[in-house]
Amino acid sequence: MSKYGLFLGCNTPALRPDVEHAIRKSMPQLGVDLVDLPGFVCCPAFGTFPSADEDAQLATNAWNLSLGEAEGLDLAVQCGSCYSSLSMGSHLLKDPKKLTRTNELLAKGGRSFKGESKVRHMMDVLYNDVGVDKISKTITKSLKGLHGIVQFPCHTLYPSEVVGFEPDKGPPHVLPDLLEALGATVEHYSLEYQCCGGAGGFHKADAPAAHNFLKSKLDAIKTETKADFIVVSCITCLMWMDVQQKPLSEAGEETYNIPVFDYNQLLALCLGAPAEQVAAISTINRDAVIEKIK
Amino acid sequence: MTHPQSNQSEGKVLVVGGGMGGMRTALDLAESGRDVVLVDKAVSIGGLMTQLDRTFPTNNCDLCTLSPNLSQAGRAHRIDLRTMTRVEATKGEQGAFEVTLTTTPRHIDIDRCTACGDCLRDHPECVSFTPGLDHRAPTCMRYPQAIPQAYSINMEQCADVDALVKSCPVGAIVIDDKITTVTETFGSIVLAPGAEVYDPSPIAALGYSEQPDVLTSLEYERLLSASGPTGGKLLRPSNGQAPKKVAWLQCVGSRARQADQGVSYCSSACCMFAIKEAIVTKERFGTDIETTIFNMDIRTSGKGYEAYYQRSKDTDEVRFVRCRTQNLQAGETGALQLRYLPEESDTFVTEGFDMVVLSTGFFIPEDIRTLADQLKVDLNAHGFALTDSFHPVSTSRAGVYVAGLFEGPKDIPETMVQASAAACMAATHVGVTPDASPTEELPPERKIDDEPVRVGVFVCECGENIGGVVDVDNLVSHAQTLGDVTHSENVGYGCSAESMEHIRETIVEQKLNRVVIGGCSPRTHLTRFQDLLRKAGLNRYLVDIANLRDQDAWVHRDAPELATAKGRELIQMGVAAVRQSKPLADQTLPMSQDVLVVGGGVAGMSAALSLAGQGFKVHLAERENELGGEARNLRRTLEGEDVRTQIEHLVAATEGHDKIQVYTGALIVDHGGMPGKFTTGMQVGPQLFYRQITHGATVLATGALANRPSVYMLGEHDAVSTQHDIESLLEDDTDTVKTWSKVVMIQCAGSRTKENPACSRICCQSSIKNALRILDVNPAASIWVLYRDMRTIGMQEDAYQEARRRGVIFVRYDPENPPQVEPVDDKVKVTFHDPILADDLSMHADRVLLSTGFIADDEGTEELARIFRLPRTEDGYLLEDHIKLRPVDLPTLGFYVAGTAHSPKSIKESVAQAQAAASRVQTLLARGEINLGAAVARVEASRCAACLVCVRACPYGVPFINADGNSEIDPALCHGCGICAAECPAKAIQLQQFDDDQILAKLEGLLERITA
Amino acid sequence: MIDLEQSEVIPDMWKDVFDSEDIRFCFNCGSCISVCPASNASPPLLIRRLARLVLLGLEDELLDEDTPWSCVSCSRCEEVCPMGVRPFELGLAIRRWQVRNDETRIPPSIVELYKEGYTQPVSKAVALRASVGLGELPTIDKYPEMLKGYQDMLMATDVVSNNDYMFKG
Amino acid sequence: MSEPTPQFEPVIVAFCCHYCAYTAADQAGAQRLSYPANVKIVRVPCSGKVDALHLLRAFEKGADGVYVAGCLEGDCHFNNGNTRAARRVTQVQKLIEEIGIEKERIEMVLMSAGMGDRFAEVATEITEKIRALGPSPIRGGKPAPARAQTKASAKAAK
Ligand SMILES: Cc1cc2nc3c(=O)[nH]c(=O)nc-3n(C[C@H](O)[C@H](O)[C@H](O)COP(=O)(O)OP(=O)(O)OC[C@H]3O[C@@H](n4cnc5c(N)ncnc54)[C@H](O)[C@@H]3O)c2cc1C
Ligand SMILES: Cc1cc2nc3c(=O)[nH]c(=O)nc-3n(C[C@H](O)[C@H](O)[C@H](O)COP(=O)(O)OP(=O)(O)OC[C@H]3O[C@@H](n4cnc5c(N)ncnc54)[C@H](O)[C@@H]3O)c2cc1C
Ligand code: SF4
Ligand code: SF4
Ligand code: SF4
Ligand code: SF4
Ligand code: SF4
Ligand code: SF4
Ligand code: SF4
Ligand code: SF4
């Protein structure tokens, strides 16, 4: 049984708690114990302290990391932004000067950080700790007959010097492999590795451009694949791809209604968890897919 | 004639690596009378070149030009070629290195193997002719001209050894071939192990490992190549269709700092080879194919390369986009989508391409670092052999030299120059040995003038190769019916040692005086049989081969009767031709061993010293009153070497050498004679005293001029000067430099223009050198470099990046919209456009430094070229014989070029070319007398109508109308193409070995039974 | 036309913006922008242009740039930049520099973060969480001494202490 | 389709330059490609060496077709022998036409040393073409060969 500090960030618990519930339901069944971290704060998101003050950025990163470190735990993270922010923080804190300065600040809040606690993405834990074999053996229902495409969260891929958990160089395959372990058929298409465009200030700066960017991706999925659903592993990707299909459909001739799931939601469903708890909140109706999970 | 020698020991030279570089070195050494052991770890030699399609800048293949030389030289017993061989260890020092060499077993006896391919056909699992060239086409043939023409066997993969052995009809397969290790002594060593090509898989964004239509340039070359996986058809690996749009991405694996993106330096050759590939694509596969090259700078600074680049834009419509893109995605239709923002534009483009070629650069693999380690040779930070400007091919270990890619990234011409230079240096430790080929043992040539023609016909069965298809006995009996044939027989394997001896005996016993071999291709076997005839006491030109194997049995296996009938005709043709053949004498000339070097700059002095060091008497003519040339105006090189001190050393050594006669204030006034015995007249000194010199060879090292164009207010405003002008200021007057707070450098001032089209090659690195020096002296200075392409090739790129690190600002300008310079009191105002900000910028500069580069010494060389009758390029540089293969030889035998007289280049490159010229001179003079072969054109004066047709037709300008009013062809100059003979309306010219009688006789032999 | 004699030019501005020499290696190659999602915005986010403004020390122009804020933090640029300029981090650094020099650039979310610890109402989403069968989380507001410690810590950073009026009350 | 009458088997002479076309012919052999046995190769140092006289003599002696094979454009070992040869072939085409031989019976082809397949392809194509044309008038006796001979030789000597 492995044990991690569960770092949830802001969006998941506040806006998509069904994903949180899916995590809480699925991971322990696969032997991953998750421990809550009292007093956790925002990772901090890149648009906050990282855009304002590096000291505050690293202090906040270290605040969260120190909560795990105090328990002797690494952090398990689902949101791509949180994962990336915390990983970047850990990376920068390898610089002894920065670590010292950060500890000066942490001391004011009564904490300290040695740099021991690591940041792991939920998919990293599932792939590299649990393993696809165990997943396919443990599930009681499967996605057999369903076609899915994968949205790779950029934050889990780049920069590969700082983040990532693919076992080898070359095209990423952890997420597709995990999806296949659930019995789904994974399809590939031209814009597979394109960003969803949902994070940061892109849509604030130019909403039509951000929409078009997503549209190109959805169009490619529609014309090139038989996808029944999109699977993501980042709360930002999930919300952006789920929520924006409606305005996109309203604005143009094309209609988009491709259900979007977080991987843990599908995993929990395959482990028999009730959809009302683990896959309840979405803009695009997901019932058709959920019904087919047998 | 004895060869002048200094204190050299007997011995031989070890050349490691048999690519272009190693081959050239070995050939030069062999031709200059040294014994060479040439080792290559691969199964056949040729290196990278064998994998390329056509090579720039001539866009042709050239292997056919180089590889025959090698088999020819191999024949001279001077080059001991050992493939699949590596260096294990070295001991000792210059003059007597003890080297341990290990050869892995090939399991095939090269001398017996006839390259029939039966073993490969029957046992493809363990026999290879191609050492896995291309991971996408593992079975393609390496190249048709492979040397040795042999296969290799991996015994471990062989399931049935007995069957394998039996598959070889000549018994060439050796089962218990063992690893052999020998230790030999060498006087000197030349390293030419090349480099490897970057594997782009780590750059995931470029999709190389996923997308079949993303190729490296080497793979693309294989695709274009006739011997490649597609047989020379340009097809997309993904779907086998012809591409309509191809993109090249430059600098893949080069010019990077980030881990995994490759090396930091510039690989130097890839801009040119991408342009070449684009041009060849259009030329061969349709002008409607769109070709686009994505780049940051186009680095075409070699001789003629700038024109090549411009032509590719203007004539071939190759498109150049300034942007490094790493956004490659497979599009819906299978096309590869590239997204980019051209530097000149503000609109993003997403464009589909059918193929994307990655211009991957060179790096030194671990394997070669190990080799260097064994030889105790120092490497630079990137693993290339460490050399310096004044010793361009000398490694840190005395007696060990380097050439080609292992010295730094470069193209073929530069490799060839270094290879000859390395040969020159290696020769300093090794004496000339008498030719080991047993000339003395040969019987005298029999006089056959009075003998009746007696033709012997020997037909090979070559195992099943001929005998399995053609009825050999039928050919033998048919031959007996032909006129003058007095002997004919089936000889089994004609080229086996036993058969050769039998044929020799038969010739002697039967007093045969003409021989026809019914065998394989004369391309591969003619010299062997010519040698055999000579051994049998006959002139070597009395034999012909009927190509029964490659051009008959092998191609008509399905129609044995037709093959036999054709075989009869081929024998008829052979017999008819030899009946007409006459003994021919090879042309010879005695040679003077003195050398004239014209020009006393770095190049001229280096060439003179190299030659004098080898014991040749050198006459060095310099038109100025002192030696040193252009380099006297330089103080430091980019690498920090002290040029002035080095030049002083060179001048002292040259003037002090007892074998060098220096003439300053010398003016060449007349010239005549033949290669090997030229006479040149000059007027020397203030009194214009006339001297005439006799010399066997001439080196031209007359340099080029520092350009001083009237642009950007040069000469009109004190704040404007050239980079050259501040060389001394930077050393001697740093106080002035400290007053400059803003310096603007303008690149390509007067170069790459209509008036002076060439790139001056040295001025990009010069400006970096000076920028860094200014910052040393005055760290607060703000330095701006306005450039068109930064051409900091090879390791110069490191300095370029260092300049950026230290804050120099680089802004590209477009030649259509060049910077403007206006006076503002004691400063100047410079206005220019910045494509990155898409805005104009202006500033007041304390100093504007123009990178003015070179201009050919048009007047000087025009006169000289006229006197020596040498051709020049359009922009006034001397024109070499072959830009790639013979970059040092001028088209007239006996003339060589070195330094900037050839094209703009650095000191290092000038010295290398000077040493190369010295090597080329030695290859010529070592012959003592020139053997020009027999295939030369001869004019029958009585038939000549002096119509000048031949004069115009000859590609080498050999024929001339002599004092008697007839055309005359100097056999020493004739290349033997026969074009003049074909053109001459009076039929006054015959090309020996291929004269009309022989060709017509062949036709008659073939056709006589048809019309008769 | 930018007249460098008239404009505000700060030669060493790059040091103030970025924490390393890496930025000076940028040779405007365009790799970063070729992969950048936010380069699709109008005006496009063009790291090579921002790097140029920083290196030239053009203060006014850099202060006026809104584009650094449209980055989606995908870090693709960082992955592909051959020169190791770390463009994404450069973009963040430019934001921080703008924040330092122009308080109107301060992202309002950091005030929320200071006050609540989160950018979203994590502790207030009780009903939504209950609807999917989840209870409350051990959020920082439930540990007042920890929240105070967190705020004390932030108060020691420049951006908070220099603009403390925004964070108090 | 079955062939009712026995096929006409033309005699074709190919002048091949040593460096490219002759090597390509060897290459075709090495790759075991097949082409009609009608083609007989005469090796020359350079396609530029092939003289109008040689070409005409081939016809005179009864060849039904003749071609000159040289290196690809720009690849000539001797700079431009192949372009000269091409020009000469065009001249001879005019000449033979005047004396009543179809100009299609002679042509110039280009190939590189590695192009074994191209060699075989060309040999096949040309054989087919000449076969379709039928025997050379000189062999078949349509125009008077004697006159044709003298006229052609006279032109060649000029
Ligand atoms: C795609 C591509 C296209 C090119 N196109 C052109 C072009 O058009 N024109 C042009 O001028 N240049 C071109 N070049 C560059 C050209 O190929 C090189 O300049 C040239 O081949 C260098 O020759 P070399 O002898 O130094 O090395 P190589 O050709 O690499 O030969 C090295 C030899 O050494 C042997 N060797 C290596 N290590 C050992 C060892 N330890 N022991 C024994 N033997 C060893 C190797 O087997 C090999 O045979 C191109 C290069 C590439 C990659
Ligand atoms: C502006 C500039 C900057 C440079 N910077 C660098 C640098 O930083 N690093 C570097 O490595 N290289 C540099 N170079 C290049 C370097 O100067 C040359 O490579 C080198 O000097 C060439 O030497 P050379 O012997 O070929 O020619 P030259 O030095 O030009 O010597 C030719 C000699 O021949 C003599 N001569 C000419 N015609 C005749 C005749 N008819 N009869 C008799 N004698 C004749 C001339 O008087 C002269 O002495 C630079 C060159 C220039 C122009
Ligand atoms: S079968 Fe024998 S002769 Fe033929 S290629 Fe193989 S080893 Fe050489
Ligand atoms: S700039 Fe240098 S490394 Fe880049 S493609 Fe050109 S030659 Fe190669
Ligand atoms: S000479 Fe004769 S036996 Fe030798 S390889 Fe050629 S055809 Fe075969
Ligand atoms: S400045 Fe000189 S070296 Fe650089 S591109 Fe121009 S001419 Fe070439
Ligand atoms: S072409 Fe013939 S006739 Fe004319 S000048 Fe030359 S040799 Fe004499
Ligand atoms: S044979 Fe060729 S090289 Fe010799 S003179 Fe005639 S045309 Fe010139
Ligand atoms: S990829 Fe790097 S070097 Fe290229 S423009 Fe962007 S930041 Fe500059
Ligand atoms: S991290 Fe920002 S700047 Fe970099 S590619 Fe992504 S969106 Fe563009």
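First the proteins, then the strands, lettered A, B, ... as listed; each starts at 1.
- With a 4.5 Å cut-off on side-chain heavy atoms, B:Asn547 and D:Ile41 do not count as touching.
- In terms of heavy atoms, D:Asp51 sits closest to B:Ala981 at OD2-O, 3.9 Å.
- For the pair B:Phe994 and D:Val44, the tightest heavy-atom approach, listed with the atom from each and the gap, is CE2-CA, 4.2 Å.
- In this structure, D:Arg43 and B:Pro522 approach most closely via the heavy-atom pair NE-CG, 3.7 Å.
- Between atom CD of residue B:Gln551 and atom CG of residue D:Asp26 there is a gap of 5.0 Å, rounded to the nearest 0.5 Å.
- For D:Lys103, the NZ atom counts as loosely surrounded, since its 6.0 Å shell holds 12 or fewer non-hydrogen atoms of other residues, nucleotides or ligands.
- By the 4.5 Å heavy-atom criterion applied to side chains, B:Leu1006 and D:Lys61 are not counted as neighbours.
- Side-chain atoms of D:Lys49 never come within 3.5 Å of backbone atoms of B:Cys980 as a donor-acceptor pair (strictly under, hydrogens ignored).
- By the 4.5 Å heavy-atom criterion applied to side chains, D:Leu53 and B:Lys987 are counted as neighbours.
- When atom types are taken as modelled, the side chain of D:His18 and the backbone of B:Arg523 share no donor-acceptor pair closer than 3.5 angstrom.
- Interface residue D:Arg88: only side-chain heavy atoms are found under 4.5 Å from chain B.
- For a residue to count as touching a neighbouring chain, one of its non-hydrogen atoms must lie under 4.5 Å from one of that chain's; by this rule B:Asp558 touches chain D with the side chain only.
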